[in-house]
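Numbered from 1 within each chain, the chains take letters A, B, ... in sequence-line order. This is a predicted model, so every value here is computed, not measured.
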Protein chains: 2
Amino acid sequence: MNLAIGDLSRRTGVKIPTIRYYEQIGLLPSPARTEGQQRRYGPDELHRLNFIRHARELGFEVDAIRQLLGLASDPGRSCGEVHDITKTHLAEVNHKIARLSALRDELEAMVACDNRRISECRIIEVLADHGECQHRQH
Amino acid sequence: MNLAIGDLSRRTGVKIPTIRYYEQIGLLPSPARTEGQQRRYGPDELHRLNFIRHARELGFEVDAIRQLLGLASDPGRSCGEVHDITKTHLAEVNHKIARLSALRDELEAMVACDNRRISECRIIEVLADHGECQHRQH
DNA sequence: ACTACGACCTCTAGCGGCTAGAGGTTCAAG
DNA sequence: CTTGAACCTCTAGCCGCTAGAGGTCGTAGT
């Protein structure tokens, strides 16, 4: 297997400039090159980039991925640390979900302020007055 | 009411450089100045900045806020458009929540891959192989 | 009236995580 | 051997701020 950057891009779903960017920031190693300086990738890089892409999709920051990749190369005692990183990330995700759920409720209340039933649109005021639907009193 | 930028910052919870940034990108109008070029704000700006802050907290992008502010000054026929913006935003939020929920399940499966029960930590492989917990077969 | 000092000013550059474009070179199919 | 798609490097831009340098202003206390 001897993939050009475009092949690697197609196989991983990571855009070409992003692959080069990952190399630049040290997330992917510098690959072999042809005589004309074109990058050629093997299965290791394919695997690693798939890992990176999936971790990014899961919302891991580049720094966290760097940690995970570092720990992965030291498989003995690192397991607990990998768990810790994942747990920390899980806590963040749960927090995000909670915040977004509150937001969703608020937005639903906003669109429920149906303009057919009231004379004036209140969404602007609702936003200005910190998001409470105020059709009637209050 | 004649607020210096620091007062405005304290009252809205928006940081001073951010206020100046909002002015720079045209989200806030250029305020009155003292003879020594210091900004002085009145109640209109306070109200507008509170609106902006709340909308940002709700996850509206600056462009959307610009739209909302523009529509707010044309209150008659704009109501439906404001609803549309809000509904679009709500759909995006729901989408994010769905994605994050899937992510949470995946992360929970990952941390459930308890390293006391297995000989090798699988988190790395789980991430690499697109997130399926593969303790046993597969 | 003067001084001290905190709050303000402008300007530039940086952050993360890419993305886009210019302008030039290489590879591989026909 | 030619074409043209794919590659190369380099620089700059995106969003939404944030930080710092280096200098000026306003006001409280004396």
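- Under the 3.5 Å distance criterion, the side-chain polar atoms of B:R53 are left unmatched by any main-chain donor or acceptor of B:E57.
- Rounded to whole angstrom, the span from the CG atom of A:L3 across to the C1' atom of C:dC27 amounts to 15 Å.
- For D:dC8, one of the phosphate oxygens OP1 or OP2 lies less than 4.0 angstrom from a side-chain nitrogen or oxygen of A:R39.
- Nearest-nucleotide positions on DNA chain D place A:I5 closer to the 5' end than the other of B:V62 and A:I5.
- Contact between the side-chain N/O atoms of B:R33 and the OP1/OP2 oxygens of C:dT10 is found at a separation under 4.0 Å.
- Atom P of nucleotide D:dG16 and atom CD of B:E57 are separated by 15 Å, given to the nearest angstrom.
- For the pair A:Y22 and A:T34, both in contact range of DNA chain C, the more 5′-proximal nearest nucleotide belongs to A:Y22.
- A:I16 comes within 4.0 angstrom of sugar-phosphate atoms only, judged by non-hydrogen atoms across all strands, and of no base.
- Counting only heavy atoms from C-beta on, A:Q38 has its side chain closest to D:dC8 among C:dT19, D:dC8, C:dC8.
- Which of D:dT27, D:dT18, C:dC18 sits closest to the side chain of B:Y21 comes down to D:dT18.
- As rounded to whole Å, 13 Å separates atom P of D:dC8 from atom CD of A:Q24.
- Residue whose closest nucleotide on DNA chain C sits further toward the 5' end, between A:Q37 and A:R20: A:R20.
- Projected onto DNA chain D by closest heavy-atom contact, B:E35 and B:D63 fall at different nucleotides, the more 5' of which corresponds to B:D63.
- Across the protein-nucleic acid pair, B:I25 atom CD1 and D:dT18 atom P stand 12 Å apart, rounded to whole Å.
- In this structure, the CG atom of A:L8 is 16 Å from the P atom of D:dA6, given to the nearest Å.
- For A:R56, the side-chain atoms get nearest to C:dG17 when compared with the rest of C:dG17, D:dT18, C:dC8.
- Few gaps surround CD on A:Q37; more than 12 heavy atoms of other groups in view lie less than 6.0 Å from it.
- The pair B:R48-B:E23 fails the salt-bridge criterion, with no side-chain N (NZ, NE, NH1 or NH2) lying under 4.0 Å from an Asp/Glu carboxylate O.
- Scanning both residues, A:Y41 and A:I19, for their nearest heavy atoms gives OH-CG2, 3.6 Å.
- Using a 4.0 Å cut-off between charged side-chain N and carboxylate O, B:K87 and B:D84 make no salt bridge.
- In this structure, the CG atom of A:D7 is 14 Å from the P atom of C:dC27, given to the nearest Å.
- Rounding to whole angstrom units, CZ of residue B:R53 and C1' of D:dC17 are separated by 17 Å.
- Atom CD1 in A:I65 sits roughly 8 Å away from atom P in C:dC18 (whole-Å rounding).
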